[in-house]
Protein chains: 2
Amino acid sequence: MARRTPTIPEATVARLPIYRRALVELDESSAINVSSERLAEMSGVNAAKVRKDLSYLGSYGTRGVGYDVDYLLFQVSRALGLNNDWPVAIVGSGNLGQALANYRGFTQRGFPVAALIDVDDKKVGATVHGIEVHHVDRLEDLVAELGIAIGIIATPAGAAQAVADRLVEAGIQSVLNFAPVVISVPDGVPLRQVDLATELQILSFYQQRNAASDR
Amino acid sequence: MARRTPTIPEATVARLPIYRRALVELDESSAINVSSERLAEMSGVNAAKVRKDLSYLGSYGTRGVGYDVDYLLFQVSRALGLNNDWPVAIVGSGNLGQALANYRGFTQRGFPVAALIDVDDKKVGATVHGIEVHHVDRLEDLVAELGIAIGIIATPAGAAQAVADRLVEAGIQSVLNFAPVVISVPDGVPLRQVDLATELQILSFYQQRNAASDR
DNA sequence: TAGATTGTTAATCGATTAACAATC
DNA sequence: TAGATTGTTAATCGATTAACAATC
C-alpha cells in the first residue's frame with residue numbers, strides 16, 4: 001500500500017492544531033502569505049520546528065515567499081481529518097460535563113455535541129444548552145443512531161473505566177478522558193487524557209523550584 | 001549552592017501527578033507496599049520508567065520489597081510542592097470559568113479557588129458556588145489580598161494575553177491558560193496551556209489515520 | 001541579480017527501555 | 001539461601017535545532 005505521507009511524528013501532530021489556529025487568525029486578518037518565522041512566533045515555537053513539522057505534510061511553501069495562508073490552512077485541516085464533522089457524546093452531566101456541552105469551541109471547530117449522557121434519572125430528559133440528556137442505558141443506541149465518533153468522559157473517577165469499555169464496545173472511534181483516573185482502551189483506539197489537577201500540580205512543581213532558586 | 005536533587009526531567013515532572021494519584025488510591029485501600037510493576041500498571045506506563053522517574057527524587061524503595069506507599073506519597077507530594085495550598089484565581093466567569101470554579105478537584109487537591117474575576121459588571125458581586133465574582137479592575141488588589149499564587153485564564157481568546165500580562169505584573173507565580181490562543185509570559189514564569197479543541201483535533205488525526213489503514 | 005525564505009541535512013539533546021548487578 | 005525487586009547503566013529511539021544549499 002502506497003502511503004501519501006510518511007508517518008507524522010506524534011510531537012508534530014500535537015502541534016498541528018496550534019499552527020491551524022494561527023492560520024485561521026491570519027486568514028481572518030486577510031493575510032495572503034506567512035513565513036515560518038511569523039507562524040513560529042504566533043505559535044510559541046521556533047521557526048526550524050515549524051518548517052520541519054510542515055514538511056511532513058508535503059512541500060507547500062514557496063522559497064523566498066513563505067506559505068500561502070489559505071492553502072496551508074486547507075492542508076493542515078485535511079491532515080487533521082477536519083474535512084468532516086465528528087459528532088461527540090459527553091458522558092457525565094455534572095459540572096464539567098455541562099460546561100463542556102456549552103463550550104462553543106467544540107461545535108465551532110467541527111465537533112458537534114450530539115448528546116449528553118448521565119446515569120441520574122433526575123437529569124435524564126432535561127436539556128442543557130439545547131442538548132438533550134439521555135440515560136446511560138441508551139449509550140449503545142445513541143452511538144449508533146447519532147453516529148457518535150468521539151466519547152468524552154466527564155464522570156467521577158470511579159465510573160470512567162466502565163464507561164470507556166462501553167463506549168469502545170459500542171463502536172466509538174476515540175476517547176477523551178477528563179476523569180481524574182488513568183483509563184485504558186484497546187490498542188488502536190486513540191485516547192487522550194486531560195486532568196486539570198495534574199496541570200496545577202505541574203505548575204506547583206516549577207513554582208516551588210523557582211522559589212528555591214530565588215533564595 | 002548545593003541542590004538536594006539533580007534537576008528532574010520535564011517528562012518526569014509531568015508524570016509525578018499520575019503516580020501520586022495512584023499512590024493516593026493505594027493509600028485509601030490500605031496498601032502498605034507497592035512495586036514499580038504495579039504502580040506502572042495503575043499509571044499506564046512501563047515499570048522501568050517508574051523506577052527511573054522515582055530515582056530522580058531519591059532512593060526511596062527497598063529491593064525485594066517495593067516502595068512504602070505512605071512514604072513515597074509523602075516524597076512525591078513534597079517534590080511537587082504540595083505541602084502547602086496554592087490559592088488560585090479564575091479570570092473569566094463564563095461557562096468554562098464557572099465550571100472550573102465548581103470543580104471540587106481543585107480545592108480537594110490543595111488549590112483553593114479564592115476568586116472569580118470578570119469584566120462584566122452584571123456578573124460582579126454574584127456568588128458562583130460560594131466564590132464571589134470580582135471586577136477585573138480589582139485584579140491587582142485581589143492577587144495581593146488573597147495571596148493568589150496561580151492565575152487561571154478562562155476568558156475569550158482576545159482577552160487572554162492582556163490578562164496574562166496583568167497577572168504577571170501583579171506578581172502571580174504561574175499561569176494556566178484555557179483560552180484557545182497561545183499566550184506568552186516572561187521567562188521564569190511557569191505556564192501551561194490546555195486547549196480542549198486541540199485535544200479533539202489530535203484524536204481526529206489518529207481516527208482518520210486508523211480509518212485509512214483499515215481500508 | 002540580490003534578497004528572502006523554504007526544505008533538508010546532520011549534529012545534538014533528551015527520553016525511553018531492556019538488562020542486570022546490587023541487595024532486601 | 002532463594003526469590004523478589006530496586007536503582008542504574010548503556011543502548012536505542014525520537015525530537016529539536018542550527019546551518020545552509022536550493023530556489024523563488
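Note that the structure is predicted; figures quoted are calculated from it, not measured. Per chain, numbering begins at 1; letters A, B, ... match sequence-line order.
- Between the C1' atom of C:dG3 and the CG atom of A:N33 lies a distance of 16 Å, rounded to the nearest Å.
- Applying the 6.0 Å contact sphere to CD of B:E25 captures no more than 12 heavy atoms from other residues, nucleotides or ligands.
- Atom CD of B:E145 sits in a crowded spot, with more than 12 heavy atoms from other residues, nucleotides or ligands closer than 6.0 Å.
- A straight line from CD of B:E37 to C1' of D:dG7 spans 15 Å, rounded to a whole angstrom.
- The distance between atom CG of A:N46 and atom C1' of D:dA19, rounded to the nearest whole Å, is 12 Å.
- Distance CD (B:E10) to P (C:dA15): 7 Å, rounded to an integer number of Å.
- Side chain to side chain, B:Q98 and B:N102 fail the donor-acceptor criterion of an N or O pair below 3.5 Å.
- When the P atom of C:dT5 is taken as reference, atom CD of A:E41 falls 13 Å away, rounded to whole Å.
- Looking at B:L82 and B:R109, their side chains never come closer than 4.5 Å, going by heavy atoms from C-beta outward.
- In this structure, the NZ atom of B:K52 is 14 Å from the C1' atom of D:dC13, given to the nearest Å.
- B:V76 has its side chain out of reach of B:L73: every pair of non-hydrogen atoms, C-beta onward, lies at least 4.5 Å apart.
- When the P atom of D:dT5 is taken as reference, atom CG of B:D68 falls 15 Å away, rounded to whole Å.
- In this structure, the side chains of A:L16 and A:L57 come closer than 4.5 Å at one or more pairs of heavy atoms.
- In this model, the phosphate group of D:dT6 is approached by a side-chain N or O of B:S36 to a distance below 4.0 Å at OP1 or OP2.
- If you check every strand for non-hydrogen atoms under 4.0 Å, A:R15 touches sugar and phosphate atoms only.
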Atom pairs, protein N/O to nucleotides 20-22 of chain C N/O, distance under 3.5 Å:
from: C:dA22; atom 1: N3; to: B:R63; atom 2: NH1; distance (Å): 2.8

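- Here the side chains of B:Q193 and B:D195 are not in contact, with every heavy-atom distance at 4.5 Å or above.
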**Asked** How does DNA chain D read in dot-bracket, base by base from 5' to 3', with Watson-Crick or G-U pairs under 3.5 Å and | used when the partner is on another strand?
**Response** ..||||||||||||||||||||||
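- Counting non-hydrogen atoms of neighbouring residues, nucleotides and ligands closer than 6.0 angstrom, the CD atom of B:E169 reaches no more than 12 such neighbours.
- Looking at heavy-atom distances under 4.0 Å, B:A11 makes contact with sugar-phosphate atoms alone, never a base.
- A residue-by-residue look at A:P9 and B:Y60 shows that B:Y60 has its nearest nucleotide of DNA chain D further toward the 5' end.
- A sub-4.0 Å separation between OP1 or OP2 of C:dG7 and a side-chain N or O of A:S59 is present.
- Between the CG atom of B:D53 and the P atom of C:dG14 there is a distance of 16 Å, rounded to whole Å.
- Proximity note for B:K49 (side chain, C-beta onward) versus C:dA15, D:dT8, C:dT17: the nearest is C:dT17.
- Proximity of A:V24 to A:R20: side-chain heavy atoms (C-beta onward) are separated by under 4.5 Å at one or more points.
- With contacts defined as side-chain heavy-atom distances shorter than 4.5 Å, the pair B:R78/B:Q75 qualifies.
- Residue A:Y67 places at least one side-chain N or O under 4.0 Å from the OP1 or OP2 atom of C:dG7.
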